[in-house]
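To keep things clear, I will list the structure first and then write my remarks on it.
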Amino acid sequence: MIRFATKSGGHTPGQQQRTGPGQEALAGLALVALPVALLLTLTLWPTVTMVVSTFLVDGQVNASRYVYFFSDAYSLANLRYTMEQGLVSALSALAISFGIALYLRFSAGRIATMIHALSLFPLFVPSIIISYALVRFLGPNGLFQLLLEQVGFTHYRTPYLTPVGPFLAFVWEALPLPVLVLSAGLTQVSDHAVEAARDLGAGPFRILWEVLLPQVRRSLLIAFALIFLGIIGAYTVPYMLGPAAPEMMGVFMQRTLGNLHDADAAQVQAVVLMVISSVVGGFYIATMLKSQGGER
Amino acid sequence: MLQIDTISKAFAGTPAVREVSFTVERGELVCLLGPSGCGKSTLLRVISGLTDADSGSIRIEGADMTRAAANRRPTAMVFQSHALWSHMTVAQNVGFGLRVRGLPKAEIAEKVGAVLDLVGLSAYGKRLPAELSGGQAQRVALARCLVVEPKVLLMDEPFSALDAHLRKSLREELKSLQRRLDLTTIFVTHDQEEAMELADRIVVMQAGRLEQFAAPGSLYRNPQTLGVAQFIGAMNTCTTTVSLGQANWYGQPLRLALPDGEAALLCRPEDLYTDPRGARARVTRVIDLGPVTKVSLMTADGDLLTWTCPREAAPDVDAEITLMPRRLHAFRDGALLAQIERPEPALLEGVPA
Amino acid sequence: MKRTPVGGLLILGTMALAMIGPILTVILWAFAVKWRYPHILPTEWGMKFWFGMLGRETIITPVLTSLALTSIATSAAALICWPAAYAFARLKFPGRQLMLFSFIAAQAVPKFALFVSIAVIFLRLGLVGSFWGVALVQMLSAVLYMIWIPTAAFRGIPPALEEAAFDLGASRLRVFLQITLPQALPALAASYVLAFVSILFEVDGALLIGAPTVTTMPLLLMSLSAQVIVQEAAVLCVLIWVPCFILLLLTRRFMTAKGIAQGFGA
């Protein structure tokens with residue numbers, strides 16, 4: 001069927017061919033106009049306005065607000081904490097999901113199916129629900145502590161309100177995407193390829209590094225970018241589970257805007273976060289364009 | 001019945017169909033045959049109206065259909081992928097064309113029942129397409145077209161996704177059905193055997209052009225272009241130069257009443273016979289195919305030849321034999337120069353090699 | 001490379017505890033009347049808190065607000081995105097790839113920072129604290145699901161299915177209504193459910209644009225979770241999440257590696 005379709009000029013079905021190409025282009029543009037307009041007015045316009053306004057101080061163009069941000073120890077601590085939290089959580093999530101994907105690749109049966117299903121569970125759990133659930137599960141006198149005490153471990157210290165709390169929540173939430181993408185990528189390595197490598201004397205580490213990893217490198221990079229961007233822009237998880245100070249940027253911005261009513265400072269924080277994100281985001285988009293270019 | 005007149009179609013400047021003309025009679029089954037990419041499917045889509053022609057015209061029973069959209073043409077198409085709608089039952093699929101035409105429910109049910117009976121699937125009306133085998137699905141797709149009683153039935157490689165055995169039996173079924181209903185049918189295929197078995201006449205297409213339009217046997221015996229000659233059946237092709245009515249055929253000069261210049265001399269494997277005056281070749285392989293024996297040979301110049309002969313006439317491997325053509329098809333620039341019966345060897349020495 | 005089942009069981013056990021444990025705790029709390037340290041399970045069961053909550057206006061109003069907001073935002077997004085998805089999949093027009101791609105690229109913008117910028121503009125426009133302001137930003141959360149899943153679905157319908165119907169005499173409208181739409185319907189429904197659930201539990205936009213006048217269910221959940229009485233937040237979680245979980249399970253077949261990877265371009 002594919003051959004058939006290309007012969008008749010791409011995936012445009014016959015009924016469109018009777019209307020002229022000009023008409024088709026107009027109809028297409030009309031149909032996509034509204035969502036594109038929504039996207040532009042709610043992303044591009046506010047972003048540009050915000051960047052411009054952060055440089056306007058009493059009608060003068062200057063960068064004094066940024067100078068303040070980058071000389072304020074508390075702001076810098078928050079920024080640094082946000083990046084560390086994002087990096088550590090995203091890398092840990094990738095490492096764990098790679099382990100799970102490897103296990104799934106080389107085993108079959110009911111246990112593997114159940115592990116697969118469990119690793120996808122977070123897809124069905126909104127951020128706010130898991131944040132609250134983790135408070136109840138890991139918090140002081142939570143179910144986890146109770147279980148540990150049942151087996152005689154009484155030195156439990158709750159991660160609630162420490163950086164470990166958001167870390168666990170971020171890893172929990174991030175698991176499904178890399179597990180799905182990596183296990184799909186790893187199934188593309190045939191058993192024969194692995195056996196051939198082992199035949200040639202490659203150890204498990206070498207097989208991992210030279211046979212399996214190259215197959216999923218791009219998926220790993222994209223997954224890392226998405227997870228990292230999600231974490232550094234998060235609000236709910238650090239608000240519910242994180243320490244009071246330092247704060248992650250989401251909480252910091254919300255407090256600055258909502259409680260301190262300092263819109264200017266909140267905007268500067270937002271711009272700083274956006275600039276950092278755009279580096280990672282630009283890399284994410286470039287990687288994706290490359291993989292799409294390969295397909296088309 | 002169906003007149004195709006100088007139809008051309010290009011996609012983004014690349015011609016797919018070039019000035020094709022032919023006429024199909026009522027009740028005739030015509031195959032469009034050619035290698036993939038030759039434009040046969042595009043031509044079929046142009047006939048159906050799913051693709052517009054750039055130029056030329058299409059008439060069905062005298063009425064000009066060139067500008068009519070697919071839904072206004074009295075044609076119905078069976079797709080290679082069967083294209084059954086997975087959200088409808090078999091009966092709903094088959095009844096779709098009748099519902100479009102606004103027929104009363106009772107009449108639709110009756111006609112659907114009758115046509116399902118015709119294709120031997122009367123018990124399958126309530127099934128979903130996903131519950132059908134490949135052959136059954138293709139029969140439902142045929143029934144879906146038959147029920148609207150199209151003036152021309154179009155089939156786009158309908159059996160090519162099926163296995164060889166099933167393909168053969170469906171072919172028989174289709175042929176008898178088509179005869180019984182006196183259906184004018186255009187059938188696209190790249191399978192020579194399928195075309196030869198099914199068609200009353202075959203349109204051979206190559207690179208968008210109609211090469212020849214003839215009955216299957218005639219295509220085999222009297223190919224009008226080099227393309228057809230090489231595409232239909234096996235041929236021994238010898239490229240040579242004609243000079244003063246003589247040409248070198250595998251090392252043996254022949255007397256040929258042809259104008260001077262380059263020529264391709266083609267000979268069917270069964271049109272060779274042993275003759276002491278013929279071209280000399282060494283037997284490299286002998287294959288007993290049952291009804292005939294296939295002998296592979298190599299000439300002194302390293303050209304390869306195939307000869308099919310009765311088993312008792314087959315030589316031994318490594319034997320040196322001499323062969324003459326019973327019939328030669330001579331082509332120049334792809335077009336037929338002449339068909340030469342029993343050519344004679346040239347007696348003069350010193351012809352250009 | 002094959003591991004012993006012991007290793008597998010160990011992984012499974014850890015995963016089960018980590019994945020199910022937290023949610024299980026919440027479910028236990030929702031049906032607990034008394035659960036005091038160090039008992040591993042509630043000592044008194046019941047639905048006392050359920051009935052207590054259901055009559056309170058401070059609980060009912062945010063839930064109803066959320067349902068109204070979510071229905072409106074999701075439906076509006078569907079209304080503008082589904083036709084666009086059809087155009088992206090089936091029509092040729094200038095800038096098609098770029099515009100389609102901009103919907104994925106928007107994923108890379110940190111949402112909370114973006115909402116800060118929107119909040120500042122809305123503040124000037126008087127949209128902060130308004131129902132419609134929240135609905136507008138929440139539509140943004142739906143757009144990704146509403147564009148990508150339907151576009152892939154429309155693309156996945158073989159053109160021959162539509163051509164066969166057109167060829168049998170159906171009008172273009174009829175082909176769309178009776179062939180294209182039913183073929184795409186499961187995917188459209190899935191995109192609706194995914195968008196609906198993600199908006200229903202959306203916090204960032206509601207907090208920055210809606211608070212304090214528009215209180216949605218997730219904001220209520222946040223304030224309840226800070227209370228001394230644990231059960232109320234737990235009840236709300238179970239009450240709202242379980243139906244959503246069941247709905248989401250129905251969309252599972254669209255959450256394949258391929259589907260998700262396509263959505264994110266991986």
Could you tell me whether the side chain of A:Leu42 reaches within less than 4.5 Å of the side chain of C:Met139, counting heavy atoms only?
-> no
Shortest non-hydrogen contact from A:Tyr132 toward C:Ser225 | CD1-CB, 3.4 Å
Could you have a look at A:Ile232, A:Leu26, A:Val125, A:Leu134 and say which one has the most heavy-atom pairs with chain C under 4.5 angstrom?
-> A:Val125
Engaged part of A:Leu175 at the chain C interface, taking heavy atoms whose separation is under 4.5 Å | side chain
Quick one: what part of A:Leu29 sits under 4.5 Å from any heavy atom of chain C, side chain, backbone, both or neither?
-> both
Bottom line for C:Met99: the part with an atom under 4.5 Å from chain A's heavy atoms is side chain
Contacting region of A:Thr49 [heavy-atom separation from chain C under 4.5 Å] = side chain
Heavy-atom distance under 4.5 Å to chain C: side chain of A:Gln150, backbone, both or neither?
-> side chain
Heavy-atom distance under 4.5 Å to chain A: side chain of C:Phe115, backbone, both or neither?
-> neither
Residue part contacting chain A, namely of C:Ala226, when any heavy atom lies under 4.5 Å | neither
Which bit of A:Leu147 is near chain C, if near means a heavy-atom gap under 4.5 Å: side chain, backbone, both or neither?
-> both
Tell me, side chain or backbone of C:Ala106 under 4.5 Å from chain A's heavy atoms, or both, or neither?
-> side chain
Please check if the side chain of A:Glu24 supplies one atom and the backbone of C:Lys92 the other of a donor-acceptor pair under 3.5 Å.
-> yes
Sub-3.5 Å donor-acceptor pair from the side chain of C:Trp29 to the main-chain atoms of A:Ala133, do we have one?
-> no
Honestly, the part of A:Val135 sitting under 4.5 Å from a heavy atom of chain C is neither
Which atoms of C:Leu136 approach chain A - backbone, side chain, both or neither, heavy atom under 4.5 Å = both
For the candidates C:Val203, C:Val26, C:Ile121, which exhibits the highest count of non-hydrogen atom pairs separated by less than 4.5 Å from chain A?
-> C:Ile121
Contact part of C:Ala77 toward chain A, heavy-atom cut-off under 4.5 Å: side chain, backbone, both or neither?
-> neither
Chain C contact via A:Ala27 - which portion, at a heavy-atom distance below 4.5 Å = both
Region of C:Ile27 that comes under 4.5 Å of a non-hydrogen atom in chain A = neither
Would you mind checking which part of A:Ser119 comes under 4.5 Å of any heavy atom in chain C, side chain (CB onward), backbone (N, CA, C, O), both or neither?
-> both
Top contributor to chain C interface from A:Gln254, A:Met249, A:Met240, A:Gln267 [non-hydrogen pairs under 4.5 Å] = A:Gln254
Checked A:Met50, A:Arg136, A:Met114, A:Met253 vs chain C; the most non-hydrogen pairs under 4.5 Å come from A:Arg136
Among A:Gly282, A:Pro126, A:Ser183, A:Gly281, which residue forms the greatest number of heavy-atom pairs with chain C at distances under 4.5 Å?
-> A:Pro126
Measure the acute angle between the ring planes of C:Phe112 and A:Tyr235, then classify it against the limits of 30° and 60° as parallel, tilted or perpendicular.
-> parallel
